Every structure is written in structure tokens, then in C-alpha cells.
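See structure below.
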Amino acid sequence: MIGSGIFIVSADIARGVQSPALLIGAWLVTAVMTLTGALAYGELAAMMPKAGGQYVYLRESLGPLWGFLYGWTLFLVIQSGTIAAVGVAFGKFLGVFVPSVSARTGSGILRTCLHGMLEPMVLGNMDIGLNTANFAAIIILTLLTLLNTFGVKLGALNPEHLHVGLRSLLCLP
């Protein structure tokens with residue numbers, strides 16, 4: 001997802017290359033790669049003007065199995081991973097504005113309510129556990145899911161109100 005990654009990834013790249021020129025060079029190389037990919041998708045969209053995007057391109061060029069596998073991978077891994085990354089970024093940067101939210105510690109309220117679930121579990125070289133930043137991400141993702149569900153249900157009731165809203169927005173009679 002474009003947006004939150006630039007705040008997290010830049011620091012990791014800067015630590016790895018240890019040179020501002022190499023950091024900018026890495027971003028320029030990825031910019032060229034991204035532009036090349038966008039142009040390729042533009043060409044594919046012009047050749048196959050059907051709804052479905054990457055699924056259609058894979059299905060038509062490599063066969064239905066690859067389209068099917070991509071569709072399920074998108075659903076189970078790609079999109080959920082993207083949403084999780086945005087949630088983690090939100091929780092991490094919320095700590096800048098609300099100092100009690102941190103990836104390092106759990107708050108007193110969370111410790112009281114969750115009775116020891118905040119202690120990190122070591123898995124390889126990672127500490128996995130619930131902290132205030134993760135908890136904030138869970139709450140925000142839950143609220144956004146509820147808002148999205150409410151919007152879909154409201155939109156399914158009567159689609160006529162969309163036309164009225166668009167007409168008034170565009171100042172049409």
C-alpha cells in the first residue's frame with residue numbers, strides 16, 4: 001500500500017546502506033521499476049478491457065489455474081498483509097501523538113484487563129505479543145470494518161439516494 005510504507009521502510013534502508021546517496025538511489029531504482037510496472041499494467045488493461053485486473057491478466061495469459069491461485073492468494077495473504085501493515089504503522093505512529101501507546105510496553109489498563117497476555121512470546125528472533133500499539137491497531141481496524149459494513153448495508157437499501165446526492169453535489173437539476 002502506498003503511503004505508510006515510506007515512513008517505515010526508509011529507516012530500514014538507511015540503516016542498511018548507511019549513505020544518503022545510496023538511499024536516494026534505491027528510491028530512484030524502485031521508482032523506475034514502479035513506473036515500468038504501471039506502464040505494463042496500462043498496456044494489459046488496454047488489451048483486455050474486462051473487470052478483474054490482475055486476475056483477468058493471469059487467467060487469460062497463463063490459464064485459469066493461475067488466475068484462481070492469484071485470487072485466493074490475494075484474498076488470504078496479500079490484502080490481509082497490507083491491511084496488517086497499515087495497522088502496525090498506525091499503531092507505531094500513534095505513539096508519537098499519544099506517548100502511552102508504544103510497541104515496547106503494554107499499558108496498566110491493558111495489563112489489568114488481559115492478565116498476562118501482554119508478555120511477549122519469543123518466536124525465533126522475534127518477540128510476539130500484544131502491546132498498546134497493536135491493541136490500538138486492532139481497535140482501529142475493527143472500527144473501520146464496522147464502518148465499511150454499515151456503509152455497504154446502507155448502500156444496499158436504496159440505490160436511488162446515490163443519484164440524488166450526486167446531482168446535488170454537481171449542482172444539477
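Worth saying up front: this structure is predicted, and the values here are computed from it rather than measured.
- Considering every non-hydrogen atom in both Ile13 and Ala26, the closest pair reads CG2-CB, 4.4 Å.
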Exercise for review: Please step through side chain to side chain contact (heavy atoms under 4.5 Å, CB included) for the pair Ile24 and Trp27, ending with a clear verdict.
Suggested key: CA-CA 5 Å; Ile24 292 171; Trp27 280 107; 5.6 Å; no
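- Ile78 contributes atom CD1, which lies 13.5 Å from atom CH2 of Trp72 (distance to the nearest 0.5 angstrom).
- Expressed to the nearest 0.5 Å, how far OH of Tyr57 lies from CE of Met47 amounts to 9.0 Å.
- For Leu141 against Thr145, the heavy-atom pair with the smallest separation is O-OG1, 2.8 Å.
- No path of Ile, Leu, Val, Met, Phe, Trp and Tyr side chains, each step under 4.5 Å between heavy atoms, connects Leu146 with Leu144, placing them in separate hydrophobic clusters.
- Summarising the geometry, atom OG1 belonging to Thr82 is positioned 8.5 Å from atom CG belonging to Leu74; distances are rounded to the nearest 0.5 Å.
- Separation of atoms CZ (Phe68) and CG (Leu58) is listed at 13.5 Å; rounding is to 0.5 Å.
- Met48 and Leu65 fall within a single hydrophobic cluster, where Ile, Leu, Val, Met, Phe, Trp and Tyr side chains are chained together by heavy-atom contacts under 4.5 Å.
- Taken to the nearest 0.5 Å, the CG atom of Leu69 stands 11.0 Å off from the CG atom of Leu62.
- Taken together through direct or relayed side-chain contacts under 4.5 Å among Ile, Leu, Val, Met, Phe, Trp and Tyr, Leu76 and Trp66 form part of one hydrophobic cluster.
- Taking CG from Leu28 and CG from Leu23, the interatomic distance works out to 9.5 Å, rounded to the nearest 0.5 Å.
- Scored by the side-chain hydrogen bond (donor to acceptor under 3.5 Å, both in side chains) test, Asp12 finds Arg15 as partners (sequence neighbours excluded).
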